[in-house]
Amino acid sequence: MARRKKIYEGKAKILYEGPEPGTIVQYFKDDATAFNAQKKATIEGKGVLNNRLSEFFMTGLNNIGVPTHFIRRLNMREQLCRSCEIIPLEIIVRNFAAGSLSKRLGVEEGAQLPRPIVEYCYKDDALGDPLVSEEHIAAFGWASQQDMDDIVHLALRVNDFLSGVMMAVGIKLVDFKIEIGRVYEGDFQRLVVADEISPDSCRLWDIETGAHLDKDVFRRDLGSLTDAYTEVARRLGVIPQTTGVSKPTLIN
Ligand code: TMP
C-alpha cells in the first residue's frame, strides 16, 4: 500500500492526507511536551488513550449537535476527521482558577470562578502562545466578529457537556483548551470543534481527593501519566474496567 502523505507533524499528533478529498487522518503519538516543549518525554500508551478519549468526547458532542471534525476512529492510534482550516487561536475555558490564570492574577488554585472565563491565546510556538484579547483577534483578522460569537457559543456548550460528563464520574472539569476549524461547504463556512479533547488539553481533578488526572501529572512530576489517563478512561467506560488478575470464567 502506498504510504500516505504527511501533512503536518505537531508535538502530540501527526496529520496525514485522508482516503477521500476533504478528510484527514489524525495519528496520536506517545510524545508528551510541556512548557512549550522545554520538557519532553515519550509516555507509552498515551496516544492510544487520547485517541479513544478524544473519540468519546467528540462523538458525544456530535450527538448533542455541537459540530466537530471527528468522523470515526480507524484503529488504536488513528481517527478519520474532516479537514478544516484551523483558526490560529487556543480557546481556553476556565471554571476554577489554576495554572497560568492563578499565576497571572494571584488567585489560589482551585478557587471557583464566579462564571466561566473564556480566554484566547495566539497559536505561535515561537512566541510561546501569548494571551490575546478580542481586540487583537479583530485587528489582525484571525477571526471575524461573527466567528467570535460562534466560538464563544461553541466553547460554552463544550464546557457544559464536558463538565456534566466528568461530574457523573466524580471528576471536576477545572479548565480546558479547544481549537476551532473552518469547514467549507460550497460558498458557506461552518465552524467545528477540531484537534483533540483529551487529558492533554484539560485539567481534571478527582472530586473526592483532588488528585490530578491530566497532563499536570507530567508537567509537575506528580506520578504516572498513563495511570492517570487510564483512570479517566476506565471511569468513562472507554476502556474495560480493570479487574486486577483476570481469572478464567465458566461459560454456561
Ligand atoms: P494554562 O493554565 O497553562 O493556561 O492552561 C489552561 C488549559 O489549557 C489547561 O487545561 C491546559 C490547556 N493547555 C493546552 O491544551 N495546551 C497548552 O499549550 C497550554 C499552555 C495549556
Side-chain angles (χ1 to χ4, degrees), residues 8-13 26 28-41 43 46-47 49-51 53-54 57-58 61 68-69 86-113 115-133 136 142 151-152 154-156 158-163 165-167 171-181 193-207 210-222 225 228-229 232:
Y8 175 79
E9 178 156 2
K11 286 176 282 206
K13 294 187 295 299
Q26 206 166 236
F28 288 76
K29 302 194 280 186
D30 279 343
D31 297 349
T33 64
F35 314 117
N36 205 9
Q38 289 175 59
K39 178 169 177 169
K40 288 186 200 173
I43 292 162
K46 180 175 86 84
L49 285 160
N50 280 354
N51 185 26
L53 284 162
S54 201
F57 298 126
M58 295 286 188
L61 288 168
T68 81
H69 74 156
I86 295 285
I87 293 178
L89 297 172
E90 299 201 332
I91 322 294
I92 295 166
V93 182
R94 301 178 185 272
N95 299 306
F96 297 85
S100 69
L101 177 126
S102 290
K103 225 179 240 170
R104 204 183 323 125
L105 302 179
V107 184
E108 192 191 344
E109 281 214 317
Q112 185 158 22
L113 299 169
R115 46 177 272 186
I117 295 177
V118 183
E119 293 177 345
Y120 311 101
C121 292
Y122 178 52
K123 261 175 75 71
D124 186 317
D125 282 343
L127 299 175
D129 298 341
L131 187 71
V132 291
S133 73
H136 299 105
W142 297 321
I151 287 172
V152 172
L154 282 172
L156 293 177
V158 173
N159 187 39
D160 285 345
F161 171 77
L162 284 182
S163 296
V165 166
M166 290 303 179
M167 184 61 65
I171 295 173
K172 185 191 272 188
L173 178 68
V174 173
D175 56 31
F176 65 93
K177 182 266 301 186
I178 51 170
E179 294 185 22
I180 301 287
V193 178
D195 189 53
E196 71 178 278
I197 299 178
S198 74
D200 267 13
S201 51
C202 300
R203 279 200 176 87
L204 306 170
W205 295 357
D206 183 275
I207 288 173
H212 294 257
L213 299 171
D214 56 58
K215 204 164 94 175
D216 274 347
V217 170
F218 170 70
R219 294 189 190 98
R220 304 178 184 191
D221 295 319
L222 299 175
L225 194 72
Y229 288 21
V232 175

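We count ligands from 1, going down the list as the structure has it; atoms in each ligand are counted the same way. Sequential numbering from 1 along the given sequence is applied to the chain's residues.
- Sorted by chain and number, the residues within 4.0 Å of ligand 1 by heavy atom are E90, I92, R94, A98, G99, S100, D175, F176, K177, D200, S201, C202, R203, R219.
- For D200, the salt bridge (charged side-chain N to carboxylate O under 4.0 Å, His left out) test picks out K46, with sequence neighbours left out.
- Judged by distance alone, the side chain of S201 and the main-chain N or O of I197 form no donor-acceptor pair under 3.5 Å.
- Checked against salt bridge (charged side-chain N to carboxylate O under 4.0 Å, His left out), K40 has no partners two or more places apart in sequence or in another chain.
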* Would V174 and N95 count as a side-chain contact (heavy atoms from CB on, under 4.5 Å) if you check the C-alpha gap in whole Å, the side-chain angles of each, and the deciding distance to 0.1 Å? -> CA-CA 5 Å; V174 173; N95 299 306; over 6 Å; no
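- Between the side chain of S54 and the backbone N or O of S198 there is no donor-acceptor pair closer than 3.5 Å.
- Every residue was checked against the salt bridge (charged side-chain N to carboxylate O under 4.0 Å, His left out) condition with D129, not counting sequence neighbours, and none meets it.
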